[in-house]
Chemist: 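The following block contains the structure, expressed as structure tokens.
Numbers for residues simply follow the sequence, beginning at 1. Ligands are counted one by one from 1 in listed order, and the atoms in each one are counted from 1 as well.
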Amino acid sequence: MQLFPLFTDLKGRTALVIGAGLVADRKIALLLSAGARVIVGAHAAHPQVQARARAGDVELRLAPFDLAWLDEAWLVIAATNDRALNRQVADAAAARRLFCNVVDDVALSSAQVPAIVDRAPITIAISSGGSAPVIARRLRERIESLFDPALGALAALAQRKRGAIRQARPELRARRDFYDWLMDGPVLGALRRSRPEEAEAALEQALGRNTPAPAGKVLLVGAGPGDPGLLTLRGLRALNEADVILADRLVSPEVLALARRDAQVIDVGKALGGPHETTQARIHALMVSHARQGRCVVRLKGGDPLVFGRGGEELQHLKRHGIAYEVVPGITAALACGAYAGIPLTHRDHAQSLTLATAHRRAEATQASGGLGDGQTRIYYMGVNRLPVLREQLLADGCAPSTPCALVENGSRPSQRTVFATLDTLASAAAGHRVLSPALVLVGEVTALGAELAWFGQMLNADATLPDADRLQASA
Ligand code: SAH
């Protein structure tokens, strides 16, 4: 081991910081968060440090470094940009057997400040021994994304209940099982749902019984539109927790690749050859049976799970069967396609409302919303095979044939294509370019801005409706 990790209790103890620039200020903030009493010595101080001194958070000594300051300190940090001075501080600290960290200077440091993941009272510290701080920072980001923010609350609860747990589970083995159950079971879930009383009640109830097997649950997770960067951190954590993943056809392989390696992935998106209802019934049955066996089931859906994804029906089914669930939203196709096609969906000069509609159930939907007036953006899901019908409907509703439209195919994926057209030309342009599902239809003035603001993927327009090969054939 190159460095000995040590967690120090600085509450009420003095830390001496030499230097009062922004680098020093970051260390000062860290020391203060650990409850240290901080003395800052420097020739001059950054306004931020001055403000801390005025607020009484630190004691600022604007004077040359004084050896006597070391008498008060448990820990010394040198953070000036003068290496000779930093060395002098480090040497003086060493002479008194005080640990000294010189910021960004491994050679002069007898102690290093690690990269930190803070889930107080849990603290994770990462060190690369000064060899590659960037790697430590990257690791920190990864770990940060993996651990639930509710973990801190869980640890705090466990700390409060420590005596009761010890009493109810005097044997080490049984106690360990109990803590395992705490990590996997409904207590953490309740904390994540912001229900601390429920969490405490579940813990107390479990103490009275034999440690129950971890209860199964379903996490209904939005995988976003395809780009794995658009998965939420909470979604990523769910994928890391999953025992079983029921994935939709629309979920991209890049997102699935982020899942726990030993999770069982079941592709429920494939048509079974039977009617759609059969597929849905099978999904309902799989969720319930896996959860009943104590597993963590992630039901992974493209975009957002509650936007045209039948997620609502799945929740109702779980509720009816008494299965615990959580919902993790995702970036829905409308928002992703707007962003990735450079279409500001509610640009204030052009749109005051935004409607998300399905191109199916056309009759009721459009009757309810009426025609497309000025200042509206309307987005149709599942519309690519119904463009001629959609066009007729919108024209009948009084929408001008010249209304700008866009069709975004494979939004946010490397294969994204955007067709800019008008209501009149959209259907033929889509046919000419052979646009396939998944694609989103956007209607309204704002779509015209995309022609100027687009920044991702391929842009096509209504004129070049025939790909080159077809045009050659057509003219032959
Ligand atoms: N729950 C999903 C929508 C499911 S309905 C969401 O919130 O995005 C399926 C329809 O969504 C597709 O027919 C298509 O219209 C649209 N869609 C989904 N992903 C898309 C993508 N990457 N690009 C374009 N359209 C997409």
Chemist: What are the distances between nitrogen or oxygen atoms of ligand 1 and protein nitrogen or oxygen atoms, counting only those under 3.5 Å?
Modeler:
unit_1   : atom_1 : unit_2 : atom_2 : d
ligand 1 : 1 (N)  : Gly302 : O      : 3.0
ligand 1 : 1 (N)  : Asp304 : O      : 2.8
ligand 1 : 1 (N)  : Val307 : O      : 2.7
ligand 1 : 7 (O)  : Asp304 : N      : 2.8
ligand 1 : 7 (O)  : Asp304 : O      : 3.4
ligand 1 : 7 (O)  : Thr332 : OG1    : 2.6
ligand 1 : 8 (O)  : Thr332 : OG1    : 3.4
ligand 1 : 8 (O)  : Ala333 : N      : 2.9
ligand 1 : 13 (O) : Met382 : N      : 3.4
ligand 1 : 15 (O) : Met382 : N      : 2.9
ligand 1 : 15 (O) : Ala439 : O      : 2.7
ligand 1 : 22 (N) : Pro225 : O      : 3.0
ligand 1 : 22 (N) : Gly411 : N      : 3.4
ligand 1 : 22 (N) : Gly411 : O      : 3.1
ligand 1 : 23 (N) : Gly411 : N      : 2.8

Chemist: For His46, what residues pass the ring-ring contact (aromatic ring centres under 6.0 Å, His included) criterion, not counting sequence neighbours?
Modeler: none
Chemist: Could you list the residues that satisfy side chain to side chain donor-acceptor pair (under 3.5 Å) with Arg237, not counting sequence neighbours?
Modeler: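 Result, side chain to side chain donor-acceptor pair (under 3.5 Å) vs Arg237: none returned.
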Chemist: Report the residues that fulfil ring-ring contact (aromatic ring centres under 6.0 Å, His included) with Tyr340, sequence neighbours left out, ordered by chain and then residue number.
Modeler: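 For Tyr340 the ring-ring contact (aromatic ring centres under 6.0 Å, His included) partners, ignoring immediate neighbours, are Trp455, Phe456.
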Chemist: Is Arg142 atom CZ crowded by more than 12 heavy atoms from other residues, nucleotides or ligands, each under 6.0 Å away?
Modeler: no
Chemist: Among Arg299, Lys319, Arg320, exactly one meets salt bridge (Lys or Arg N to Asp or Glu O under 4.0 Å) together with Glu314. Which residue is that?
Modeler: Arg299
Chemist: Grab the two heavy atoms, one from Leu231 and one from Ala223, that are nearest each other, plus how far apart they are.
Modeler: CD1-CA, 3.8 Å
